[in-house]
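Each remark here refers to the structure printed beneath this line.
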2 protein chains.
Amino acid sequence: MEKKPKEILKIIQSGEHLFIPHISVDSVIFGYETNELQVLLLEVSDKVWMLPGGYVLKEEDLDTAAHRNVIERIGLENIFLKQFHTFGQSDRSFKNEIAQLFSHLSLPETEGLWIQERFISVAYYALVNKALAHPKPNFFTQRCQWHSVQQLPKLLLDHERIITAALAAFQSDLAAYPLAYHLLPKKFTMPELHGAFQTIHQKQLDRSRFQKKMFEYDVFERLEPRGGVAHRRPYLYRHRES
Amino acid sequence: MEKKPKEILKIIQSGEHLFIPHISVDSVIFGYETNELQVLLLEVSDKVWMLPGGYVLKEEDLDTAAHRNVIERIGLENIFLKQFHTFGQSDRSFKNEIAQLFSHLSLPETEGLWIQERFISVAYYALVNKALAHPKPNFFTQRCQWHSVQQLPKLLLDHERIITAALAAFQSDLAAYPLAYHLLPKKFTMPELHGAFQTIHQKQLDRSRFQKKMFEYDVFERLEPRGGVAHRRPYLYRHRES
DNA sequence: TATCATTGTGACAATTTGACACAAAGTAAA
DNA sequence: TTTACTTTGTGTCAAATTGTCACAATGATA
């Protein structure tokens, strides 16, 4: 929120020539810490939050646009990112939000600014190692923070529904491939991975069975045990392709 | 192909004011007949085919647009329709195809016609009872016909990839819910449903096991047996919600 | 009345999953 | 130094699910 109002107006207006109109990409960026699944949100106005997102450059692939937007938000490359649904209700627009912002910034009233139009949003979910992420807000927002998916704040438009759908997609994908490792540091222990799975699915999973299942995927490599604990030292593992 | 060239030009031009630019919906409409899974395709030019699709009206929900387009193509309401992916490679445009069509119709050369721009396409798959469908071509196309998914003709753009993805989505969804009944008449026998499943998954499934599984869903109602066969008469079933 | 092809379902083996037990391993307290 | 304590890794066995196959039921046709 350091930018001057006129500058913001200029940026908004120039976007019209850069981006494909009516299309946005929104990302549900998942992070994990001590048995809590979190999503990264931006604060648009007092106590109202929104998903990070952006627009697609005229000559840019959709997936690339989503990547670019996530990278801008957390300063991290090589994140896991997957498209899961496109939201296209006809009432999806920031008409009022932008008008409010403009009046708040004492900018002239606008009608039909491209950014106020109806948007069809292609939604992605991302899995990141929270410890390496450096969240930063964009022009429109004051803060960029992690929130527990268990207690989300008030959200703009249909963004709560998007998060719910993202979680469902993630849970479903997790049944086919142990993606949860993306949320953890490069090296992690089985109890840690186990905890992440339990948190994501919100239910208990038998440890013995879980460990056997993970071995069956044949993608985790056992490394040295990690010490410094007052009990049996857990082995560290890493995913073969990362 | 009964329309006059000038009329077509007019229709194309007027679309610019009606539809959201750069966004299309494409539908993979699945049909089924005697152990063959088929998709409905439109012939754009000699031996080159495309998926049925269309555009989204400025004030129309995305799902509604998809429905409208499918209904226009087969004259059937109440079809099962589900969004499965959005395709957004930056090179997705009918630039050349439209230019060819125009030259073929002796229309003036055009550049930057809205329909020639890059399109992001939200793809849906539909399941229909082929026996009730009445496929009809649109202005641009000469024919609208069913094709076996096993031997697809030459297709425009990434439409073959879209069909592949649709089939994968359908197969995956079929593991969670016995959607295959949408492809059959209202009343059907277990062997028929069994055949549809086998065709869709392209593999053998044990009959006994299959039937038990279907009963577990608790959505099929057993009706009277169907006669007229030189052996034990199979029971008819129907889905409770249709 | 016997034959034939197809359908509906039961029996049992093979496999997968769930629940739980217990030894291994290390620190910290006695 | 020994014992207690906690967490980890894995084995065992029962329960549930899935796969295979067999066989009786059924009705037209020979």
Side-chain angles (χ1 to χ4, degrees), chain A residues 32-35 171-172 174-178 180-181 184-240, chain B residues 32-35 171-172 174-178 180-181 184-240:
Chain A
Y32 172 79
E33 196 171 2
T34 54
N35 298 321
Q171 288 173 334
S172 163
L174 196 56
Y177 199 80
Y181 75 90
L184 302 176
K186 256 206 181 62
K187 296 181 180 185
F188 52 85
T189 68
M190 272 299 151
E192 281 166 355
L193 191 62
H194 181 228
F197 265 74
Q198 291 193 138
T199 300
I200 295 158
H201 279 127
Q202 282 300 303
K203 68 170 180 180
Q204 300 286 106
L205 301 167
D206 179 76
R207 236 159 14 82
S208 169
R209 174 116 287 280
F210 174 80
Q211 190 142 330
K212 282 169 195 157
K213 190 109 190 153
M214 291 305 110
F215 290 161
E216 276 168 18
Y217 284 112
D218 201 33
V219 294
F220 296 119
E221 188 177 357
R222 178 178 278 186
L223 308 170
E224 72 286 356
R226 180 167 68 193
V229 283
H231 52 74
R232 181 167 182 175
R233 299 173 308 169
Y235 288 104
L236 285 168
Y237 293 84
R238 69 182 187 86
H239 190 267
R240 286 230 169 72
Chain B
Y32 172 78
E33 196 171 3
T34 56
N35 297 319
Q171 288 174 335
S172 164
L174 196 55
Y177 199 80
Y181 74 91
L184 302 176
K186 255 206 181 61
K187 297 180 178 186
F188 52 86
T189 67
M190 273 298 152
E192 282 167 355
L193 190 62
H194 181 227
F197 264 74
Q198 291 194 139
T199 301
I200 296 158
H201 279 127
Q202 282 299 303
K203 68 170 179 181
Q204 300 286 108
L205 300 166
D206 178 75
R207 241 164 2 87
S208 170
R209 175 116 284 282
F210 174 81
Q211 190 142 331
K212 283 169 195 158
K213 191 107 192 156
M214 290 305 110
F215 290 161
E216 277 168 18
Y217 285 111
D218 201 33
V219 293
F220 296 118
E221 188 177 358
R222 177 178 280 187
L223 308 170
E224 73 285 357
R226 180 167 67 194
V229 283
H231 52 74
R232 181 169 183 173
R233 300 175 307 170
Y235 288 104
L236 285 168
Y237 293 85
R238 70 181 186 87
H239 191 266
R240 286 230 170 72

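Within every chain, numbering begins at 1; the chains are lettered A, B, ... in the order of the sequence lines, protein sequences first and strands thereafter.
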- [ ] Take nucleotides 23-30 of chain C nucleotide by nucleotide from the 5' end and write B, S or -, depending on whether a protein heavy atom sits under 4.0 Å from the base, only from the sugar-phosphate, or from neither.
- [x] -BBBS---

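The interatomic distance linking B:Phe220 (CZ) with C:dG8 (C1') rounds to 17 Å, in whole Å. Nucleotide C:dG8 holds its C1' atom 15 Å from the CE atom of B:Met214, rounded to whole Å. If you measure from atom CZ of B:Phe215 to atom C1' of C:dG8, you get 8 Å, rounded to the nearest angstrom. Between B:Glu192 atom CD and C:dG8 atom C1' there is a gap of 15 Å when expressed in whole angstrom units.
Shown for residues 196-211 of chain B: residues whose heavy atoms fall under 4.0 angstrom of DNA chain D, namely B:Asp206, B:Ser208, B:Arg209.
Contacts of A:Arg222 with the nucleic acid, taken as non-hydrogen atoms under 4.0 Å apart, involve only primed sugar atoms and P, OP1 or OP2.
Contact annotation: the side chain of A:Val219 never approaches that of A:Tyr181 to less than 4.5 Å [non-hydrogen atoms, C-beta and beyond]. The shortest side-chain heavy-atom distance between B:Val229 and B:Pro234 falls under the 4.5 Å cut-off.
Proximity of the aromatic rings of A:Phe220 and A:Tyr235 is defined here by a centroid distance below 6.0 angstrom, and this criterion is not met.
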Can you give the donor-acceptor pairs under 3.5 Å from side chains of residues 193-209 of chain A to other protein atoms, not counting sequence neighbours?
from     : atom 1 : to       : atom 2 : distance (Å)
A:His194 : NE2    : A:Gln198 : OE1    : 3.4
A:His194 : NE2    : A:Leu205 : O      : 2.6
A:Gln198 : OE1    : A:Leu205 : N      : 2.8
A:Thr199 : OG1    : A:Gly195 : O      : 2.8
A:Gln202 : NE2    : A:Thr199 : O      : 2.9
A:Asp206 : OD2    : A:Ser208 : N      : 3.2
A:Asp206 : OD2    : A:Arg209 : N      : 2.9
A:Ser208 : OG     : A:Lys212 : NZ     : 3.2

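The two atoms that bring B:Ala180 and B:Leu174 nearest to each other are N-CD1, 3.5 Å, heavy atoms only. Smallest separation of non-hydrogen atoms from B:Phe210 and B:Met190: CE2-O, 4.1 Å. Shortest non-hydrogen contact noted between A:Gly227 and A:Arg233 is CA-CD, 3.5 Å.
Expressed to the nearest 0.5 Å, how far OH of B:Tyr237 lies from CE of B:Met214 amounts to 11.5 Å. The line from CZ of A:Arg238 to NZ of A:Lys186 is 8.5 Å long, rounded to the nearest 0.5 Å.
Scanning DNA chain D 5' to 3' for nucleotides with an atom closer than 4.0 angstrom to a non-hydrogen atom of chain B gives a first and last hit of D:dT18 to D:dA28.
Electrostatic pairing of A:Glu192 and A:Lys187 does not count as a salt bridge here, judged by no charged N lying under 4.0 Å from a carboxylate O.
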Task: Check against side chain to side chain contact (heavy atoms under 4.5 Å, CB included), A:Arg240 and A:Tyr217 - done: CA-CA 11 Å; A:Arg240 286 230 169 72; A:Tyr217 284 112; over 6 Å; no

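Computed from C1' positions of five pairs at each end, the angle between the two local axes of the helix from C:dT1-D:dA30 to C:dA30-D:dT1 equals 30°, rounded to 10 degrees.
Between A:Lys212 and A:Tyr235, the residue anchored closer to the 5' end of DNA chain D is A:Tyr235, taking for each the nucleotide with the nearest heavy atom.
For A:Glu33, the side-chain hydrogen bond (donor to acceptor under 3.5 Å, both in side chains) partners at least two apart in sequence or on another chain are A:Lys130.
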